[in-house]
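Worksheet for the structure shown next.
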Amino acid sequence: MAGRGRQHTQNSARRGLPIVGLQLASQAAILTIAFTTAGRAEDAVSKHDLQAKMTYCKTCHGSSGQGLRAYYSIPRLAGQQPEYLTNQLRAFAERRRTNNIMFNVAHVLTPAMQKALVTDFHELNPRPLGGAPKDLVEAGKKIYEEGISGADIPPCASCHGPDAKGNEQFPRLAGQLHDYIFSKLKNWTKERGQNPKEPDISAMMEPIAHGLTEPQIKAVAAYVSYLE
Amino acid sequence: MKFIRATSQFVIVTVVFSATARADAVSKQNFAAKIGYCQDCHGVSGQGYRGFYPIPRLAGQQTEYLENQLRAFVEHRRTNNVMFNVAHNLSPAMIRALATNFRHFNPRPLGGAPKNLVTAGKKIFEDGVPDANIVACAACHGPDAVGKNEFPRLAGQIYPYVVKTLTNWTSERGQIPGKPDTSAVMQPVVHSLTKSQIEAVAAYVSYLQ
């Protein structure tokens, strides 16, 4: 029994080396990316601190950043545009975006830690959580790709991309929780751009959030929530 | 006492049987008997009891959470010999009926926790401790600690029960490594919380109605 166990371990080790090597390589790659983009050595984030902070984020945002339906619908961060995430963290810290829990999370983060976190989350790619009513998807796709000309709503695709992966400051919507999207679009002006003296990019979405009807929001949210 | 118990049982049986689609799956008599059995330890209104062991409040608890725990006891993913014996001969229909039943009770919390810990506990509950990577409980359990679906209600939960549960989390829950369950989500939280933080947060939630 012991002999068989030992042989199994040896075989696994031989087979497993490329896999383990790949894991180590990708971890090293991510850490290297995180550390080189972090800038000066004094600002750099220790591996231990980054891992602890990521675990903390993932407690609410999901073990692979896929989001979580708890009391609140907590958004997917996996694959999100780093520039968008950075902007949101700053908006939370400066209270331009209203959320008490995220204010507390964000205001203690150093710029170096922020950079490392947004980079790490961008690399994750779990499957979408799903759950939206499937019968809304077709209507949602139409709105996403064509907009609503009668209401001056441009196609979402024009800024968020045809595959909803976003670009720079325009967030990825693909795989986002449908109920989160609904809640954000409905409450846009109550939560974002809260400092009139410091208007921010969230203002771009105001006429769109205002112009969309609830059924249209639900349709578009359902559509993007299934995109991978 | 008997009258109150009988009346409350009648009310609850009525509520449960109008609420559950397949009332024929659990006979009224069996259900009433089983409820009486639960009430012996968990209190007439499910408010919990401070006996030799602190016995948790079930009143107002999320149905999905209760169902998950009953299944976890049966499968030994959650370690408790008394609750294993309680749970392992419950049919799925009975589990559903019982879990639904306790949702509707709303007695006042038992209280008794040190009141001087409440302010610190409220801060941890609402804001977390970002420097120590402790998440805000409110994010998942809700601002009023009523929970949702598989995330349990903490409002009014027995103080020594919350303390014990958080302190012993990894030795009681998720006990089958090959069958990880929702209890895993709490692991980073219990790992980071200090003893005094646990006591503060437990005191705070124990007074919430």
Side-chain angles (χ1 to χ4, degrees), chain A residues 45-77 88-90 92-95 97-114 116-117 120 126 129-131 177 179-180 183 191, chain B residues 60-65 68 103 120-155 157 166 169-170 173-174 177 180-194 197 201 205 208:
Chain A
V45 161
S46 81
K47 241 193 298 189
H48 172 266
D49 286 353
L50 176 59
Q51 189 169 42
K53 195 59 85 173
M54 279 298 278
T55 302
Y56 163 66
C57 302
K58 284 172 173 177
T59 306
C60 291
H61 286 277
S63 52
S64 305
Q66 70 271 30
L68 183 68
R69 285 198 179 93
Y71 182 86
Y72 302 107
S73 284
I74 302 172
R76 175 189 178 106
L77 300 180
Q88 296 316 300
L89 287 171
R90 291 205 189 111
F92 286 127
E94 296 169 25
R95 296 205 200 265
R97 181 171 168 183
T98 307
N99 187 302
N100 184 57
I101 291 171
M102 282 310 297
F103 166 77
N104 279 291
V105 165
H107 84 289
V108 302
L109 298 175
T110 63
M113 179 61 89
Q114 273 187 29
L117 293 170
D120 267 11
L129 270 189
L177 274 54
D179 34 352
Y180 172 79
S183 164
E191 288 178 5
Chain B
Q61 189 49 275
Q62 294 294 329
T63 306
E64 192 175 330
Y65 176 75
N68 284 350
R103 187 94 174 80
K122 180 169 152 78
K123 188 144 174 57
I124 297 169
F125 188 89
E126 293 178 346
D127 299 346
V129 186
D131 279 324
N133 294 328
I134 292 169
V135 301
C137 318
C140 293
H141 292 279
D144 302 323
V146 298
K148 189 171 188 182
N149 301 330
E150 73 263 36
F151 294 89
R153 173 189 176 116
L154 305 175
Q157 190 48 277
L166 291 174
W169 192 268
T170 50
R173 311 235 183 172
D181 55 31
T182 54
S183 66
V185 76
M186 277 298 290
Q187 278 179 14
V189 178
V190 299
H191 180 74
S192 307
L193 285 166
T194 65
Q197 286 167 339
V201 126
V205 299
L208 293 177

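Each chain gets a letter, A, B and so on, in the order the sequences are listed, and its residues count up from 1.
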**Message:** Counting only heavy atoms from other residues, nucleotides and ligands, does the tally under 6.0 Å from NE2 of A/H107 exceed 12?
**Reply:**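 Enclosed.
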Taking all atoms of both residues into account, what is the closest heavy-atom pair of [X] and [Y], and its distance?
X	Y	result
A/Y71	B/K148	O-CD, 3.7 Å
B/N133	A/K53	OD1-NZ, 2.8 Å
B/F151	A/L68	CZ-CD2, 3.8 Å
A/A70	B/C140	CB-CA, 3.5 Å

**Request:** Select one option (side chain, backbone, both, neither) describing which atoms of A/L109 are under 4.5 Å from chain B's heavy atoms.
**Result:**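 Nothing of A/L109, per the 4.5 Å heavy-atom cut-off to chain B.
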Largest heavy-atom contact set with chain A, pairs under 4.5 Å, which of [options]:
options	answer
B/A136, B/A139, B/G128	B/A139
B/V129, B/V185, B/I134	B/I134
B/G147, B/P143, B/A138	B/P143

**Message:** Just so I know, are the side chains of B/V189 and A/T59 near enough to count as touching, which here means a heavy-atom distance under 4.5 Å?
**Reply:**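 Touching, per the 4.5 Å side-chain cut-off.
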**Prompt:** From A/T55 OG1 over to B/Q187 CD, what is the distance, rounded to the nearest 0.5 angstrom?
**Reply:**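 The OG1 atom of A/T55 sits 11.0 Å away from the CD atom of B/Q187.
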**Asked** Non-hydrogen atoms of chain A under 4.5 Å away: do they reach the side chain of B/D127, the backbone, both or neither?
**Response**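 Contact with chain A is through both the backbone and side chain of B/D127.
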